[in-house]
Amino acid sequence: MTAEETLKKIIAKAASSFGIELKEEDIVIERSKDPIHGDYSTNAAMKFSRLAKKSPRDFAADLVSAFASNEEFFCVEKVEIAGPGFINFFMKQDVLANVVSKVIEEGDSFGRLPRNGKKVNVEFVSANPTGDLHLGHTRIAAVGDTISNILDWAGYDVTREFYVNDCGNQIEHLGNSIRARYHELFGEPLALGDDDYHGEDLIAIAKSIKDQYGDAYLKDSQESHDFFIRFGIDAELGKLKKDLAEFRVTFDKFTYESDIRKGGNVSKTIEALREKGYVYESDGATFLKTTAFLDDKDRPIVKKDGLFTYFAPDICYHYNKMERGYDLLIDVLGADHHGYINRLKSVLMMKGYSPDALDVELVQIVRVYRDGVEVKMSKRTGKAIAHRDLVEDIGVDAVRYFFVERSQSSHLDFNYNLAMEQSSSNPVYYAQYAHARCCSLLSLGQDIPLDTKGSLLKEESEMSILKHLADFPSMIEGAAKERAPHKVAGYIHRLAELVHEFYAKNRILDRNNLALTGSRLALVKACAIVLRNSLRILGVSAPEKM
RNA sequence: GCGCUCGUAGCUCAGUUGGAUAGAGCACUUCCCUCCUAAGGAAGGGGUCGAACGUUCGAGUCGUUUCGAGCGCGCCA
């Protein structure tokens with residue numbers, strides 16, 4: 001049991017002895033910011049003084065007087081009532097130091113919460129297979145993958161999914177564009193339309209078609225039309241997978257829009273919704289009555305020309321995901337898709353699902369500044385900051401850390417020059433360096449027996465580390481609940497800071513005091529383990545030497 | 001006009017379901033390697049938390065109004 005859980009129990013029991021029943025989840029235990037306020041504190045006396053019909057301070061005194069009769073109370077060294085009615089707890093050293101052996105015993109799995117039996121599907125990136133990834137995808141990939149990792153650690157059964165939009169207009173344009181580039185290679189240039197893709201990557205694809213098939217697809221036919229599209233999708237998707245894998249992002253499942261549409265599935269779904277009264281015709285188009293639930297406007301699902309809108313197969317796709325037995329769906333989308341949230345939740349509600357079965361995580365746009373000028377992203381002009389360039393220039397570790405360091409809901413101004421020039425002062429190195437320092441100490445002192453009880457730890461810098469290490473599992477729980485990768489980054493930064501401070505203040509390897517050194521090396525080992533575990537959640541490496 | 005997301009230090013951003021003296025990085029000033037990795041540490045300057053009311057023991061946090069920014073607003077994906 002963690003210190004926090006124990007304290008909650010003590011408080012609940014004390015309140016109970018005054019006839020006040022508190023749920024442990026309603027009791028807030030905070031880490032004291034200032035050591036003068038002890039190790040942990042609670043506002044329970046203030047929060048619930050009304051129930052006791054007493055002043056906060058009097059109620060606090062009552063609670064404290066009841067603690068002594070509690071057998072759990074042995075872990076507390078001292079209690080104080082302070083300020084408007086805070087109760088501050090000073091813990092016994094061995095209770096705090098207990099975390100060292102726990103971390104070392106659990107090792108790579110310290111921080112992993114018990115399996116909760118819940119299945120969650122995280123869909124992210126889902127970039128159209130019509131070109132390369134750009135900066136926006138990079139942030140979504142980092143956020144989506146990290147959220148998946150956090151949920152995995154928090155006990156969920158996680159599926160990472162990529163939805164492949166291999167139908168629709170943009171795919172036609174892809175086929176046309178490749179065909180034009182292909183003809184170009186034979187000296188028969190075809191004009192590219194405004195909506196076609198002008199990126200140079202398609203020239204390479206056309207070349208590989210020429211290399212493999214020669215001039216077999218020069219004649220204009222349905223067969224060659226289909227061929228260019230199929231070849232293009234495979235080639236583009238292959239590149240996406242490769243770039244993402246190099247970014248340490250892999251998917252468990254790729255779902256193709258063309259499979260979702262198979263067998264008239266979309267029409268069937270629409271008809272089923274029509275029977276429920278959620279579908280109507282207007283101006284020659286077909287609409288879904290999403291306003292019956294959360295939306296502020298009804299949405300078109302079949303256009304005047306008889307083709308489905310993007311939304312129509314997406315309805316089926318989300319039903320498909322639910323039918324696969326997930327307790328929770330998470331869509332990680334660009335913030336410009338915010339209008340999509342209530343639309344999709346409404347769709348789920350039409351089938352009787354809870355709107356909470358879907359959580360849409362919006363990732364705010366990245367604004368790029370290069371040479372002091374904002375660079376606008378545009379997939380079609382080919383001038384966008386490509387994901388691949390970014391990773392080559394700055395490195396996977398730094399990019400992944402940088403892109404989850406801040407909440408996904410905040411805009412991110414990315415100074416490309418700075419990231420390239422000053423990559424060595426990037427915060428990610430601060431954390432990695434802390435890990436490398438720990439490893440170096442452990443290597444130099446490998447012959448010294450570790451005291452995994454941390455018996456001799458007593459300095460303030462040591463106690464701060466102990467408390468922070470103990471917070472790791474509950475940090476994971478909170479980050480999972482809030483889908484907040486940046487909390488992991490914040491945790492890492494704080495741990496690294498504590499490690500550096502500890503290192504600077506103390507001569508850790510002291511062969512004249514092997515007992516103390518043994519305690520400290522055990523602490524160092526625990527720090528290395530937690531740094532490694534937390535960095536792994538972000539997809540960032542933990543080098544042993546730098 | 002309606003909706004969503006935001007507004008905290010010069011810049012980029014944290015701020016634990018409302019808590020004690022609002023923090024970090026970058027930038028700036030000044031110190032610290034005869035000694036375990038200086039990609040580090042210590043100290044300092046820098047804030048009417050966009051603004052105004054309200055809710056209560058207590059508001060950066062919650063509510064209303066207002067100003068400003070970004071993004072969306074039925075047949076693009």
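Residue numbering restarts at 1 for every chain, and letters A, B, ... go by the order of the sequence lines.
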Residues A/T290 and A/D298: closest non-hydrogen pair is N-OD1, 3.3 Å
Could you tell me the Watson-Crick or G-U partner of B/C49, where both distances fall under 3.5 Å? Say none if there is no partner.
none
A/R406 has its side chain closest, among B/A20, B/A14, B/A77, to B/A14
Can you tell me the Watson-Crick or wobble partner of B/A9, both distances under 3.5 angstrom?
none
Proximity to the side chain of A/Q364 - top-ranked nucleotide from B/A20, B/C57, B/U5:
B/U5
I need the CZ-C1' distance between A/R57 and B/C57, as an integer number of Å.
13 Å
Look at all strands and tell whether A/S410 reaches a base, only sugar-phosphate, or nothing, counting heavy atoms closer than 4.0 Å.
sugar-phosphate
Of all the choices, B/A77, B/A24, B/G15, which nucleotide is nearest to the side chain of A/K487 once you look at every atom?
B/G15
Of the options B/A24, B/G3, B/A42, whose atoms approach the side-chain atoms of A/H338 most closely?
B/G3
What is the distance, rounded to the nearest whole Å, between atom CD1 of A/I36 and atom P of B/G19?
21 Å
Between B/A77, B/C57, B/C36, which one does the side chain of A/T309 approach most closely?
B/A77
Assert: residue with more 5' nearest nucleotide on RNA chain B, out of A/T286 and A/L509, is A/L509
What is the nucleic acid contact for A/E172, judged by heavy atoms within less than 4.0 Å: base, sugar-phosphate only, or nothing?
nothing
Can you tell me the distance, in whole Å, between the OH atom of A/Y340 and the P atom of B/G3?
22 Å
P gap between B/A9 and B/G50, integer Å:
8 Å
Please determine if a side-chain N or O atom of A/H486 lies less than 4.0 Å away from the OP1 or OP2 oxygen of B/G15.
yes
Please tell me whether A/E80 and A/N88 have a donor and an acceptor in their side chains that are separated by less than 3.5 angstrom.
no
Report the distance from atom CG of A/D295 to atom P of B/G3, rounded to the nearest whole Å.
14 Å
Under a 3.5 Å distance rule, please check whether A/D166 uses its side chain to pair with a backbone N or O of A/Y256 as donor and acceptor.
no
Rounded distance in Å - CD (A/E30) to C1' (B/G15)
12 Å
Mate of B/U61 where both pairing distances stay under 3.5 Å, Watson-Crick or G-U:
none
Between A/Q408 (CD) and B/C71 (P), how many Å, whole number?
20 Å
Hey, does A/R494 reach any base, or is it just sugar-phosphate, or nothing, if we go heavy atoms under 4.0 Å?
nothing
Name the nucleic acid region contacted by A/A504, choosing base, sugar-phosphate or nothing; use a 4.0 angstrom heavy-atom cut-off, strictly under.
sugar-phosphate
Applying a 4.0 Å non-hydrogen cut-off, can you work out what A/D34 is touching in the nucleic acid: base, sugar-phosphate, or nothing?
base
State whether the number of non-hydrogen atoms from other residues, nucleotides or ligands found under 6.0 Å of A/K239 atom NZ is greater than 12.
yes
Can you find a side-chain donor-acceptor pair between A/R31 and A/H468 that sits under 3.5 Å?
no
Within the 4.0 Å heavy-atom criterion, would you say A/H500 contacts the bases, only the backbone, or no part of the nucleic acid?
sugar-phosphate
Heavy-atom closest pair (A/P56 atom, A/A45 atom, distance to 0.1 Å) is O-CB, 3.7 Å
A/S407 (side chain) and B/A14 (base): donor-acceptor pair under 3.5 Å:
no
Under 4.0 Å, counting only non-hydrogen atoms across every strand here, what does A/R507 touch: a base, just sugar-phosphate, or nothing?
base
Quick one: label A/D283 by what it contacts on the DNA or RNA (base, sugar-phosphate, nothing), any heavy atom closer than 4.0 Å.
base
Length of the NZ-P vector between A/K505 and B/G40, whole Å
17 Å
Is there a Watson-Crick or G-U wobble partner for B/U21 with both distances under 3.5 Å, and which nucleotide is it?
none
Roughly how many Å apart are B/A27 and B/G18, using the C1' atom of each and rounding to a whole number?
34 Å
Looking across every strand, which nucleic acid part, if any, lies under 4.0 Å from A/I508 by heavy atom: base, sugar-phosphate, or nothing?
base
Under 4.0 Å between any heavy atoms, over every strand shown, what does A/Y433 touch: base, sugar-phosphate, or nothing? Just pick one.
base
Using 4.0 Å as the upper bound for N to carboxylate O, is an ion pair formed by A/R299 and A/D314?
no
What does A/K33 touch in the nucleic acid at a heavy-atom separation under 4.0 angstrom: a base, only the sugar-phosphate, or nothing?
base
Nearest-Å distance once atom C1' is located in both B/C57 and B/G10:
38 Å
Does B/A77 have OP1 or OP2 sitting under 4.0 Å from an N or O in the side chain of A/Y317?
no
Below the 4.0 Å mark, does B/A38 have OP1 or OP2 next to a side-chain nitrogen or oxygen of A/R437?
yes
Hey, is A/F86 doing a stacking thing with B/A20, by the 5.5 Å centroid and 30° angle criteria?
yes
Short N-O contact, A/K487 and A/E482, less than 4.0 angstrom:
yes
Integer angstrom distance from the C1' of B/G44 to that of B/C62
37 Å
If you check the A/M46 side chain, which of B/A20, B/C36, B/G19 turns out closest?
B/G19
Taking atom C1' in both B/U34 and B/U30, what distance in whole Å separates the two?
24 Å
May A/H37 be described as stacking on the base of B/A20, applying a 5.5 Å centroid limit and a 30° limit on plane angle?
yes
Using a cut-off of less than 4.0 Å, is there contact between a side-chain N or O of A/S440 and OP1 or OP2 of B/U37?
yes
Students often get this wrong, so: under 4.0 angstrom with heavy atoms, is A/N88 touching a base, only sugar-phosphate, or nothing?
base
What nucleic acid atoms does A/A434 come within less than 4.0 Å of, heavy atoms only: base, sugar-phosphate, or nothing?
nothing
Inter-nucleotide P distance (B/G60, B/A20), Å rounded:
10 Å
Where the side chain of A/D336 is concerned, which of B/C71, B/G40, B/C36 is the nearest nucleotide?
B/C71
Rounded distance in Å - CG (A/L362) to C1' (B/C6)
12 Å
In the strands shown, is B/A42 matched to any nucleotide by a Watson-Crick or G-U wobble pair with both distances under 3.5 Å, and which?
B/U30
Using a strict cut-off of less than 4.0 Å between a Lys/Arg side-chain nitrogen and an Asp/Glu carboxylate oxygen, indicate whether A/R274 and A/E281 qualify as a salt bridge.
yes
Syn or anti: how is B/C32 classified when any glycosidic angle within 90° of 0 counts as syn?
anti
Comparing nearest nucleotides in RNA chain B, the 5'-proximal residue of the pair A/Y503, A/D305 is A/Y503
Considering only atom C1', compute the distance from B/G7 to B/U48 and round it to an integer number of Å.
15 Å
hbond_proxy A/H337 side chain to B/G72 base (donor-acceptor, 3.5 Å cutoff)
no
Starting at CZ of A/F162, measure out to CZ of A/F124 and round the result to the nearest 0.5 Å.
9.5 Å
Looking across every strand, which nucleic acid part, if any, lies under 4.0 Å from A/N506 by heavy atom: base, sugar-phosphate, or nothing?
base
Under a 3.5 Å limit on both distances, the Watson-Crick or wobble mate of B/C35 is none
Nearest-Å distance once atom P is located in both B/C6 and B/A42
33 Å
Under the 3.5 Å rule, do the base of B/A77 and the side chain of A/D314 count as making a donor-acceptor pair?
no
